[in-house]
Structures are given as structure tokens and as C-alpha cells.
Amino acid sequence: MSGRRRPPEPAPVAARVRGLEEALAAEGKLGPPGFLDSVEADVEKAFDWRNGARVVARAWVDPAYRARLLADGTAACAELGYQGPQGEYIVVLEDTPDLHHVIVCTQCSCTAWPVLGLPPDWYKSPEYRARVAREPRRVLHEMGLDLPAEVEVRVWDTTAETRYMVLPLRPAVTEGWSEDELAAIVTREAMIGVARL
Amino acid sequence: MDGIHDLGGMMGFGPIEPEADEPTFHEPWEARAFALNVLGIVALRAYNVDEYRHAVERIEPRHYLAAPYYERVLTAAATLLVEKGVITHAALEARAGGPFPLARPVAERAPADVPAPVHGRFAVGDRVRVRDIRPAGHTRVPRYVRGKSGAVLHVAPAFSFPDAAAHGLAPRAEPTYHVRFAARDLWGDAAEDHASVVVDLWETYLEAS
């Protein structure tokens with residue numbers, strides 16, 4: 001593939017997906033009956049970032065749960081029923097007034113599926129993966145978050161099997177709110193660390 | 001491998017553009033591509049997650065950057081199913097009705113010949129340096145920390161060493177270390193103030209600093 005020669009235009013991607021499924025079907029290699037449909041049906045239910053929002057809300061209202069969450073994120077998330085693939089070892093990163101955490105996976109797009117869901121497109125984009133490790137303050141500024149100069153920005157690159165979740169600072173205005181009300185204001189972006197609440 | 005996937009710190013990319021209320025999948029084919037890859041790993045057991053990651057890394061760089069995420073998933077799954085002899089490339093192109101680009105082959109002598117380390121050498125607070133290992137195959141050391149020194153923040157449990165598992169070598173498990181690097185040590189004088197990067201590194205990748 002040198003000089004001016006370009007590869008032929010691929011078949012449309014949807015046709016390639018269908019082609020792969022048909023080629024596997026012709027070999028009798030689609031797994032147990034209904035396997036593909038069941039994966040599709042289960043994935044959005046099992047891997048939902050709103051699970052993480054409930055973890056955050058519980059930690060905000062229950063100091064003992066918060067302590068367990070920070071000591072053993074995997075077990076504390078499992079207490080609420082959130083566990084499974086890409087959640088084998090969850091570490092929760094506690095934001096403080098002096099320290100702000102941001103999560104990335106520069107080499108692929110690893111995420112803690114049971115509490116953050118499958119990652120959004122911006123998280124998987126080459127732009128985010130390339131830039132946030134080198135220029136986190138600039139990236140956060142572009143995404144609408146300006147951190148005070150004295151706050152340390154700590155970027156966590158998900159390069160092995162640990163899966164991270166940020167425990168954001170609780171907004172002062174939420175004093176006295178119920179756990180459900182708190183869960184409703186937590187965003188996926190805050191649990192990745194590109195937003196504050 | 002020093003591949004296109006190893007994007008951390010690369011310059012020249014533009015703004016990040018989040019989408020409000022983004023769905024898990026935008027198109028039906030994306031969910032199907034995801035499910036087909038789960039099929040290959042979980043139901044058919046045709047390949048493992050490390051082989052899958054390496055197949056994504058082997059996608060030709062121009063294709064890699066231009067493809068949406070789930071097209072990369074599709075390409076890696078199809079590549080491995082062809083390489084493992086489950087289906088043929090010709091059958092894929094016949095059924096897709098046109099060219100079906102696959103990832104490039106595994107490099108010759110791909111696995112790094114790195115002996116297993118003595119486990120548990122490092123503790124929280126230790127200074128460590130990332131060894132200068134440059135395998136042509138799968139590895140999880142980002143280029144931007146190679147040869148750099150940092151401090152151990154946390155020791156994670158032992159997990160399968162991916163450089164071996166991606167290439168059919170004898171599996172071995174070893175601890176991974178959360179190592180904090182000062183931004184200035186990674187990016188030089190142009191680094192942002194008061195910033196750091198933590199990288200999760202298998203024991204084989206590290207030496208005492």
C-alpha cells in the first residue's frame with residue numbers, strides 16, 4: 001500500500017457485521033441458541049452507569065459504606081449487586097479539595113462496566129486517549145471544568161486489570177437530600193472525572 | 001508493539017466532543033459487533049481477551065484511526081476467527097458482498113522473552129523504573145512511561161501477564177502496581193503544573209529505581 005495506491009473500498013460496516021454472523025452460522029458456530037440476542041439484551045441492563053451513581057449516593061450518605069468502598073471497591077460495589085466482567089478489581093478514587101482524579105485508557109478503552117457501563121464515544125476517541133495524559137487541565141477546560149491551580153490533577157491510565165471509578169465531591173447545596181435525590185445528580189462524566197457536580 | 005493504539009501523549013489531536021445522553025449503541029450493527037466478539041471469547045472460546053486486544057492493535061494504522069470503535073471490535077473478532085480456522089476470509093468477503101479488511105498478522109518473534117520476576121519485590125512508596133522492553137507483540141506498557149521512574153501508590157492482586165497470554169505462552173499471574181509519575185518527568189518543561197499520571201504496571205515491566 002505505497003504511493004498513490006489505495007486499498008479497495010470495504011463493504012459497508014453493517015454488511016461486514018452481517019457477513020461475519022452469516023459465515024459463522026454456515027459453520028454452525030453461533031453458540032447456544034439465541035446467544036447473540038441474549039448478549040445484546042443483557043448488556044445495557046447489566047452495564048449501566050446509573051449503578052455507579054447509586055454507589056456514589058450511598059457513599060455520600062453512609063460513612064461506613066464510604067469507608068468500605070474506599071478500602072475494597074469490588075466488594076462494596078458487589079454489596080449493591082454491581083459486579084461482573086470488567087469489574088473484577090474495582091478501585092474507587094476519592095476526590096478531595098486538593099486532589100482531582102481523571103480516568104482514561106490510552107491503549108484501548110477499558111472501563112469498569114458494572115458501575116460505569118460501556119464507555120461513551122468521547123472516552124474511546126483518539127482525541128481523549130491521546131491528550132488527557134499530557135494536558136489534562138487543558139482537556140478539562142475544553143470540557144467545561146476549570147480546576148484551581150493548587151489542585152493536583154491525577155490522571156489514571158487503565159493499563160492493566162484494575163478498573164477505576166471516581167467518587168466525586170458532594171455539592172454543598174445537597175445537604176439533607178435523600179439518597180435517591182443524590183443519585184439523580186451524579187453523572188457518568190463526574191465518575192470518570194471530566195466534570196464536577 | 002509500538003503501534004497506533006498506543007496513543008497516550010501523542011500530539012496533534014483536536015477537541016473532544018461529548019454527546020449529551022449518549023446511548024450505549026448508536027446503530028444496531030454496533031451491538032451485534034459487540035455480541036459477536038463476546039461469542040468468540042465466551043461461547044466459542046476461540047480466543048482470549050489478550051489476543052483480542054492485540055488483534056485490535058494489529059489493525060492497519062490508517063484503518064484504525066478512521067474506524068469507529070465497534071468497527072475495530074468487528075475487525076479484531078473477524079481476524080481472530082479467520083486466524084483460528086473457524087471461518088475463512090473468502091467466506092467473509094462473499095457474505096459481506098465486498099472487501100472485508102482484517103488486521104495485519106502477528107509479528108514474527110512477537111512475544112517478549114522476559115523471564116518471570118521474583119514476586120512482591122516492591123511495596124507502597126518504593127521508587128521504580130519502567131524497563132526498556134520493546135516487544136513486537138502485545139504489551140501493556142504505554143510508550144510514554146518507558147524508562148521513566150515513579151513511586152508505587154498501591155499493589156493490586158496478581159493477574160494474568162498479557163504479553164504471554166496474547167501469544168499462547170504458558171500463563172503466569174503477577175501483581176500489578178499503580179505507579180505515580182510526575183507530569184514533568186513524562187512531558188518535560190511543557191508539562192502542566194501540579195499534574196501526575198498513574199499507570200497500572202505488571203511486575204515484569206518494573207525494576208528498582
Side-chain angles (χ1 to χ4, degrees), chain A residues 7-11 13-17 19-24 26-27 29-32 35-36 39-40 43-44 89 91 106-109 117-118 120-122 124-131 133-137 139 142-143 149-162 189, chain B residues 5-10 13-19 22 24 27 29 31-36 38-39 43-44 53 56 65 69 71 74 77-78 81 86-87 91-92 95-101 140-142 144 154 156-157 159 176 178 180 187 192-202:
Chain A
E9 195 66 24
V13 63
R16 277 178 276 155
V17 172
L20 174 57
E21 182 174 344
E22 289 179 9
L24 287 165
E27 301 293 334
K29 297 283 189 186
L30 285 182
F35 182 84
L36 293 173
V39 171
E40 285 189 23
V43 62
E44 291 184 72
Y89 185 64
V91 167
T106 62
Q107 298 177 101
C108 44
S109 295
L118 301 192
D121 276 355
W122 65 260
K124 297 177 288 196
S125 70
E127 287 79 11
Y128 183 70
R129 290 165 49 197
R131 293 183 57 204
R134 183 190 285 265
E135 45 179 5
R137 284 181 194 278
V139 166
E142 290 177 13
M143 297 180 81
E150 64 273 18
V151 173
E152 178 186 343
V153 182
R154 189 174 289 176
V155 180
W156 295 75
D157 194 352
T158 313
T159 49
E161 301 300 337
T162 309
E189 283 66 29
Chain B
H5 68 286
D6 188 7
L7 286 165
M10 197 180 289
F13 285 96
I16 292 112
E17 294 173 343
E19 173 188 339
E22 185 178 331
T24 301
E27 305 278 346
W29 68 262
R32 209 57 165 179
F34 176 86
L36 284 161
V38 175
L39 173 80
L44 302 180
R53 289 207 182 102
V56 174
L65 280 182
Y69 178 78
E71 181 175 345
L74 167 74
L81 290 164
V86 178
I87 50 174
L92 283 177
R95 297 198 180 262
F100 195 134
R140 293 291 287 176
V141 181
Y144 71 84
H154 178 77
F159 282 103
T176 72
H178 299 178
R180 177 182 178 275
W187 316 116
E192 293 182 353
D193 290 333
H194 227 53
S196 59
V197 182
V198 180
V199 183
D200 193 4
L201 295 159
W202 268 271

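Throughout, a chain's letter reflects where its sequence line sits, starting with A, and its residues are numbered from 1.
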Per-residue contact mode, [X] against chain B (heavy atom under 4.5 angstrom):
X       : result
A:Leu24 : both
A:Phe35 : side chain
A:Val91 : side chain

For chain A, find which of [options] contributes the most heavy-atom pairs closer than 4.5 angstrom.
options                               : answer
B:Ala33, B:Pro157, B:Ala78            : B:Pro157
B:Leu44, B:Ile16, B:Val86             : B:Ile16
B:Leu92, B:Leu7, B:Leu36, B:Asp200    : B:Asp200
B:Ala77, B:Pro18, B:Pro99, B:Pro15    : B:Pro99
B:Trp29, B:Trp187, B:Phe159, B:Tyr144 : B:Trp187
B:Pro101, B:Ala156, B:Gly97, B:Gly9   : B:Gly9

### Task
Before giving the answer on side chain to side chain contact (heavy atoms under 4.5 Å, CB included), spell out for B:Leu74 and A:Arg16 the whole-Å C-alpha distance, their side-chain angles and the decisive distance to 0.1 Å.
CA-CA 8 Å; B:Leu74 167 74; A:Arg16 277 178 276 155; 3.7 Å; yes
Pick from [options] with the largest number of heavy-atom pairs that fall under 4.5 Å of chain B:
options                               : value
A:Arg137, A:Glu150, A:Glu142          : A:Arg137
A:Glu189, A:Glu27, A:Met143, A:Glu152 : A:Glu152
A:Pro32, A:Pro126, A:Gly117, A:Ala130 : A:Ala130
A:Thr106, A:Thr159, A:Val153          : A:Thr159
A:Ala160, A:Gly31, A:Pro8             : A:Ala160
A:Ala15, A:Ala133, A:Ser125           : A:Ala133

Against chain A, label [X] side chain, backbone, both or neither, depending on which of its atoms sit under 4.5 Å from a heavy atom there.
X        : answer
B:Phe100 : both
B:Val56  : neither
B:Thr176 : side chain
B:Glu22  : both

Distance in Å, [X] [atom1] paired with [Y] [atom2], rounded so as to fall on 0.5 Å steps:
X        : Y        : atom1 : atom2 : answer
B:Arg95  : A:Glu21  : CZ    : CD    : 11.0 Å
A:Glu135 : B:Glu192 : CD    : CD    : 6.5 Å
B:His5   : A:Ser109 : NE2   : OG    : 12.0 Å
B:Arg140 : A:Gln107 : CZ    : CD    : 4.5 Å

### Query
Within a strict 4.5 Å, meaning less than it, do heavy atoms of the B:Val38 and A:Val43 side chains meet?
no
#### Entry: Close side-chain approach of A:Leu36 to B:Leu39, heavy-atom, < 4.5 Å
yes
### Query
Between B:Phe13 and A:Arg131, which heavy-atom pair has the shortest distance, and what is it?
O-CD, 3.4 Å
#### Entry: Whether over 12 other heavy atoms sit under 6.0 Å from A:Lys124 NZ
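Counting other residues, nucleotides and ligands, NZ of A:Lys124 exceeds 12 neighbours.
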### Message
Ring-plane angle category for A:Trp156 and B:His178, please: parallel below 30°, perpendicular beyond 60°, tilted otherwise.
### Response
perpendicular
